[in-house]
Enquirer: 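Before I ask anything, let me first share the structure, which is written out below as structure tokens.
Below, each value reflects all heavy atoms present in this structure, side chains not excepted, and no hydrogens, waters or symmetry copies.
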Amino acid sequence: PLDHFKEGSVGVPFPDMDAKIVLQDTVTEAPIGEDGEICLSGPAVMKGYLNQPEETAKVLKVHEDGKTWLHTGDIACQDQDGFFYFKLRQKRMIKSSGMNVYPAQVEEVLYTHPDVDDACVIGVPDKEQVERVKAFVVLKQGILGSEDKEKELIEHCRKDLIKWSCPRSIEFRKELPTTLVGKVSFKTLQDEEIDRLRSLGEFTGEE
């Protein structure tokens, strides 16, 4: 709204659009303030993916109110005033020992370390934890990556994060892969990590 601003919010829906938060992987509306998936309904919602009926059925669902809702795959929450707060794409959510880990939160803590120039956090398949947290870090010029530096950064994270959110390991890179629009490509890092685990016989695709 032009006359009202809330720090960190993406705002409210247009007047002819409906939006709500549902519990992940359900059509049940989430309580105010609780994280879930953004669903949209209204004239701005697509009719579907061209010639992809199965993919369309995954994201366009009819709820109990009879309306067709688009499940966006975006995780967010809504406050009492109807303002929405985007958190992350659902695909980026890390499930570690039953806990939801927000990669952006871990990355923010890493950025507060004076030696960190760039960072990306992903979930790595793990038989015991489902996923374990791994960070890829680019250090500032003149700073060398080492086992001691890895331990230092992990300890730095433990000061502000719960145990399950802290990286189990850190890999140092000279640079991080990026998408066409210049954002860090976490998907490329995930694919590289899965390929590495598969070559070691530690990933079969069934985890």
Enquirer: Provide the closest heavy-atom pair for Ser185 versus Thr179 in the form atom of the first, atom of the second, distance.
Expert: CB-CG2, 3.9 Å
Enquirer: Flag the pair Lys149 / Leu144 as yes when at least one side-chain heavy-atom distance between them is below 4.5 Å, and no otherwise.
Expert: no
Enquirer: Can you confirm whether more than 12 heavy atoms, excluding those of Tyr49, are under 6.0 Å from its OH atom?
Expert: no
Enquirer: Would you mind reporting whether Val59 and Met46 have side-chain heavy atoms less than 4.5 Å apart?
Expert: yes
Enquirer: Write down the atom of Ala30, the atom of Leu23, and the distance for their closest heavy-atom approach.
Expert: CB-CD2, 3.7 Å
Enquirer: Rounded to the nearest 0.5 Å, what separates atom CZ in Arg198 from atom CG in Asp191?
Expert: 9.0 Å
Enquirer: Check Glu29, His63, Gln78 against Lys20 for a side chain to side chain donor-acceptor pair (under 3.5 Å) and give me the one that passes.
Expert: His63
Enquirer: Looking at side-chain heavy atoms only, is the closest gap between Phe136 and Glu193 below 4.5 Å?
Expert: yes
Enquirer: Report yes if the side chains of Ile94 and Arg132 come closer than 4.5 Å at any heavy-atom pair, otherwise no.
Expert: no
Enquirer: Are any side-chain N or O atoms of Thr72 and backbone N or O atoms of Ile38, one a donor and one an acceptor, separated by less than 3.5 Å?
Expert: yes
Enquirer: If Ile, Leu, Val, Met, Phe, Trp and Tyr residues are connected whenever their side-chain heavy atoms lie under 4.5 Å apart, and connections chain through other members, are Val121 and Trp164 in the same group?
Expert: no
Enquirer: Can a side-chain donor-acceptor contact be found between Lys58 and His71 if the only test is distance below 3.5 angstrom?
Expert: no
Enquirer: Does atom NZ of Lys61 have more than 12 heavy-atom neighbours, drawn from other residues, nucleotides or ligands, at distances under 6.0 Å?
Expert: yes
Enquirer: Is the backbone N or O of Leu161 less than 3.5 Å from a side-chain atom of Ser165, with the two atoms forming a donor-acceptor pair by type?
Expert: no
Enquirer: Between the side chain of Ser96 and the main-chain N/O of Met99, is any donor-acceptor distance below 3.5 Å?
Expert: no
Enquirer: Nearest 0.5 Å please: distance from the CD atom of Glu131 over to the CE atom of Met93.
Expert: 10.5 Å
Enquirer: Under a 4.5 Å side-chain heavy-atom rule over Ile, Leu, Val, Met, Phe, Trp and Tyr, are Ile21 and Leu40 clustered together?
Expert: yes
Enquirer: Distance check, rounded to the nearest 0.5 Å: Glu107 atom CD versus Ile122 atom CD1?
Expert: 10.5 Å
Enquirer: Please report the closest heavy-atom contact between Leu60 and Val45, naming both atoms and the distance.
Expert: CD2-CG1, 3.8 Å
Enquirer: Determine whether Phe14 and Leu70 fall in the same hydrophobic cluster, where Ile, Leu, Val, Met, Phe, Trp and Tyr are linked whenever their side-chain heavy atoms lie under 4.5 Å apart.
Expert: yes
Enquirer: Any luck finding a side-chain donor-acceptor pair between Thr112 and His156 under 3.5 Å?
Expert: yes
Enquirer: Check for a donor-acceptor pair, side chain of Ser9 on one end and backbone N or O of Phe84 on the other, with a separation under 3.5 Å.
Expert: yes
Enquirer: Could you go through the side chain to side chain contact (heavy atoms under 4.5 Å, CB included) check for Ser41 and Thr68 one step at a time?
Expert: CA-CA 6 Å; Ser41 182; Thr68 298; 5.6 Å; no
Enquirer: Do Val137 and Glu171 have side chains that get closer than 4.5 Å, going by heavy atoms?
Expert: no
Enquirer: Show, in sequence, the C-alpha distance, side-chain angles and deciding distance for Lys67 and Val62, and conclude whether the side chain to side chain contact (heavy atoms under 4.5 Å, CB included) test is met.
Expert: CA-CA 6 Å; Lys67 296 180 179 179; Val62 178; over 6 Å; no
Enquirer: Is Leu197 linked to Leu189 within one hydrophobic cluster, defined over Ile, Leu, Val, Met, Phe, Trp and Tyr using a side-chain heavy-atom separation of less than 4.5 Å?
Expert: yes
Enquirer: Restricting to non-hydrogen atoms, name the atom on Gly82 and the atom on Val12 that form the minimum distance, rounded to 0.1 Å.
Expert: O-CG1, 3.4 Å
Enquirer: Between CG of Leu110 and CD1 of Ile154, what distance do you get to the nearest 0.5 Å?
Expert: 9.5 Å
Enquirer: If you apply the rule side chain to side chain contact (heavy atoms under 4.5 Å, CB included), what do you find for Val101 with Val133, and how did you get there?
Expert: CA-CA 8 Å; Val101 178; Val133 181; 4.1 Å; yes
Enquirer: If you draw a 6.0 Å radius around CD in Glu147, do more than 12 non-hydrogen atoms from other residues or ligands fall strictly inside?
Expert: no
Enquirer: Quick one: are Val138 and Phe172 in side-chain contact, heavy atoms under 4.5 Å?
Expert: no
Enquirer: Side-chain contact test, heavy atoms from C-beta onward, threshold under 4.5 Å: evaluate it for Lys134 versus Ile170 and give yes or no.
Expert: no
Enquirer: Can you check whether Gly73's main-chain N or O pairs, donor with acceptor, with Glu37's side chain at less than 3.5 Å?
Expert: yes
Enquirer: Begin with the C-alpha distance, continue with both residues' side-chain angles, and end with the deciding distance and a verdict on side chain to side chain contact (heavy atoms under 4.5 Å, CB included) for Glu152 and His113.
Expert: CA-CA 10 Å; Glu152 179 184 334; His113 192 284; 2.8 Å; yes
Enquirer: Closest heavy-atom contact between Tyr85 and Asp79?
Expert: OH-OD2, 2.9 Å
Enquirer: Got Ile75 and Gln24 here, is their nearest side-chain heavy-atom distance under 4.5 Å?
Expert: yes
Enquirer: Do Arg173 and Asp118 sit within salt-bridge range, that is, some charged N less than 4.0 Å from a carboxylate O?
Expert: no
Enquirer: Does Asp16 have more than 12 heavy atoms from other residues, nucleotides or ligands lying within 6.0 Å of its CG?
Expert: yes
Enquirer: Give a yes or no on whether Lys151 atom NZ has more than 12 heavy-atom contacts from other residues, nucleotides or ligands under 6.0 Å away.
Expert: no
Enquirer: Please find the pair of heavy atoms, one from Val116 and one from Tyr111, that lie closest to each other, and give the distance.
Expert: CG1-CD2, 4.2 Å
Enquirer: Between Lys6 and Asp81 (salt bridge meaning N to carboxylate O under 4.0 Å), is one present in this structure?
Expert: yes
Enquirer: Take atom CZ in Phe86; do more than 12 heavy atoms of anything else shown fall under 6.0 Å from it?
Expert: yes
